[in-house]
Amino acid sequence: MSNIAALFSLLFFSLIFVYLAFGFYIIKLSSKASINKAFFGICVSMCLWSFAFGMANLSQNVENVLFWRRVSAIGWSSLYSLMLHFFILLSHKNMSVKAKKRLGLIHIPAFICMYVFSFSNKLTALQYNLVKIDYGWINKSVNNGWDWFFNFYYVTYVLLTLFFIWKWQKDLKDRKASNHAKVLVGSLFLGFILGSLTDIVLNSIGIGPFPQIAPVFILFPTWAIYYSARYHGSINYENVPKKEIIVTEEVKQNLFIYISVAFVISGVLNFMFEYSEAIQISNHNLKLGILKSLLFLVSGTLLFAVQRLKKEHLRERFT
């Protein structure tokens, strides 16, 4: 495993904690609200995608890479339908319970893609063309019917998502909220364009090879949604008293402390993994492994230290 591949894995693992922080913050606002659950689902799918990509990059043989790529398919297959689900709820604030249940139908293409690219041993064997490069592992599209089915699904759902954001933005009377809706459109468009280029287009047409880092670019629209919820209250509307859904300072502190502990545990586990690899493989770069572990430990320690600051405005600035 090259040093560059290891750094990309570290990047993917770091994204897990970012998406978890976003997801838990929103679900704490209102655990019963359908739209909050939809956003939490987006964050879970991105955690799964990021984790599986990170593990695949650490793998040395193609069998392990294929396993983790199949796990990642659960995340990227579900992302687009969850995004659409979220923005339909956002643009239809008075949707009935019966209509919300019908929204389950929009996830059918996602389940089909999960079956083809993750669950079915027979079909999955035909969908992956795994190639090892300096950045880790990439999958070159085989351009068969199922690949085209997925491409049609995700492009259609992204376009529909942009339409519902536009519809939501038209109904907004507050100028600041309307401007932020435009930021959402831009971040969503940018995230999916860049992700499509690196993960599908460039490697498929023979330009590259490029690392497949779509989970990094999907951070743009996810952060924009989180920012909208935190500073504009755009998704906390389901008849829940405001005093019951606002995250208290204590709850938010505890959330970030849990994340800092997770960073520290990850650093310890990573060191154990790297040490065991060094024992078994003579040319294993243990120094790089120790550096990665230290990055996890230092990140966790700093995040914990920030939450211990006495001045609230300083804690807000860093978190």
Side-chain angles (χ1 to χ4, degrees), residues 19-20 22-50 72-118 149-172 180-181 183-185 187-189 191-192 195-196 214-215 217-230 232-240 245:
Y19 286 118
L20 277 178
F22 289 170
F24 279 116
Y25 180 86
I26 297 303
I27 205 67
K28 281 287 185 180
L29 293 178
S30 176
S31 60
K32 295 181 181 180
S34 299
I35 194 168
N36 295 50
K37 291 177 183 178
F39 180 77
F40 186 73
I42 291 170
C43 293
V44 170
S45 71
M46 290 310 305
C47 286
L48 192 59
W49 189 355
S50 301
S72 74
I74 301 172
W76 52 255
S77 291
S78 59
L79 172 68
Y80 308 101
S81 62
L82 287 167
M83 278 276 191
L84 179 58
H85 192 140
F86 174 85
F87 282 105
I88 289 176
L89 290 174
L90 188 63
S91 60
H92 295 78
K93 296 183 178 181
N94 299 315
M95 185 178 290
S96 66
V97 175
K98 189 175 182 180
K100 288 178 182 178
K101 289 181 178 179
R102 289 176 182 170
L103 279 180
L105 295 174
I106 70 174
H107 298 285
I108 291 176
F111 287 121
I112 293 173
C113 288
M114 282 186 207
Y115 179 76
V116 172
F117 292 93
S118 182
F149 175 83
F150 169 73
N151 291 339
F152 178 78
Y153 151 61
Y154 100 85
V155 170
T156 302
Y157 274 47
V158 169
L159 291 175
L160 285 172
T161 298
L162 290 171
F163 166 76
F164 282 109
I165 299 176
W166 171 78
K167 187 178 184 302
W168 170 60
Q169 185 263 335
K170 277 188 63 179
D171 296 333
L172 293 173
H180 190 69
V183 173
L184 268 176
V185 172
S187 63
L188 184 69
F189 184 77
F192 283 113
S196 298
F217 298 125
I218 303 301
L219 188 62
F220 299 156
T222 311
W223 173 84
I225 298 170
Y226 162 79
Y227 185 89
S228 178
R230 180 169 181 175
H232 297 282
S234 58
I235 71 171
N236 308 310
Y237 56 77
E238 296 202 357
N239 298 320
V240 182
I245 63 174

Query raised in the report: Between P215 and M46, which heavy-atom pair has the shortest distance, and what is it?
Result: CA-CE, 3.6 Å
Requested in this report: To the nearest 0.5 Å, tell me how far I165 CD1 sits from L160 CG.
Outcome: 11.5 Å
Report summary line: Distance col, row F217:CZ vs F192:CZ, nearest 0.5 angstrom, shows 13.0 Å
Requested in this report: Carefully, step by step, assess F22 and Y226 under the rule ring pair (Phe, Tyr, Trp, His ring centres under 6.0 Å).
Outcome: CA-CA 6 Å; F22 289 170; Y226 162 79; 4.4 Å; yes
Query raised in the report: Which residues satisfy the ring pair (Phe, Tyr, Trp, His ring centres under 6.0 Å) test with F164, sequence neighbours excluded?
Result: H92
Query raised in the report: Does F86 reach the side chain of M83, with side-chain heavy atoms less than 4.5 Å apart?
Result: no
Query raised in the report: Does S45 reach the main-chain N or O of I42 with its side chain, forming a donor-acceptor pair under 3.5 Å?
Result: yes
Query - Within-4.5 Å side-chain heavy-atom neighbours: C43 and L20 - result: no
**Report entry** T161 vs F189 side-chain heavy atoms within contact, under 4.5 Å
**Finding:** no
**Report entry** Any donor-acceptor pair under 3.5 Å from N36 side chain to I27 backbone
**Finding:** no
Query - Aromatic contact, F40 with F24 (centres under 6.0 Å) - result: yes
Requested in this report: Could you list the residues that satisfy ring pair (Phe, Tyr, Trp, His ring centres under 6.0 Å) with Y19, not counting sequence neighbours?
Outcome: none
Query - Inter-residue atom distance L90.CG - W168.CH2, 0.5 Å rounding - result: 4.5 Å
What side-chain donor-acceptor pairs closer than 3.5 Å can you find for residues 101-113, not counting sequence neighbours?
| unit_1 | atom_1 | unit_2 | atom_2 | d |
| --- | --- | --- | --- | --- |
| H107 | ND1 | S81 | OG | 2.9 |
| H107 | NE2 | H85 | ND1 | 2.8 |

Query raised in the report: Who passes side chain to side chain contact (heavy atoms under 4.5 Å, CB included) against S196, sequence neighbours left out?
Result: Y154
Query - Pairwise side-chain contact, L48 with S72, heavy-atom cut-off 4.5 Å (strictly under) - result: no
Requested in this report: Spell out, as yes or no, whether a donor-acceptor pair under 3.5 Å connects the side chain of S118 to the backbone of Y115.
Outcome: no
Report summary line: Separation between CG (L162) and CG (L188), nearest 0.5 Å, reads 5.0 Å
Query - S77 side-chain N/O to I74 backbone N/O, donor-acceptor pair under 3.5 Å - result: no
Query raised in the report: More than 12 non-hydrogen atoms from neighbouring residues, nucleotides or ligands closer than 6.0 Å to OH on Y153, yes or no?
Result: yes
Requested in this report: Tell me, please, which residues at least two apart from F87 pass ring pair (Phe, Tyr, Trp, His ring centres under 6.0 Å).
Outcome: none
Report task. With K100 as reference, evaluate L89, I35, I88 under the side-chain contact (heavy atoms from CB on, under 4.5 Å) test and give the passing residue. Result -> L89
Requested in this report: Sequence neighbours left out, what passes ring pair (Phe, Tyr, Trp, His ring centres under 6.0 Å) with F152? Give chain and number order.
Outcome: none
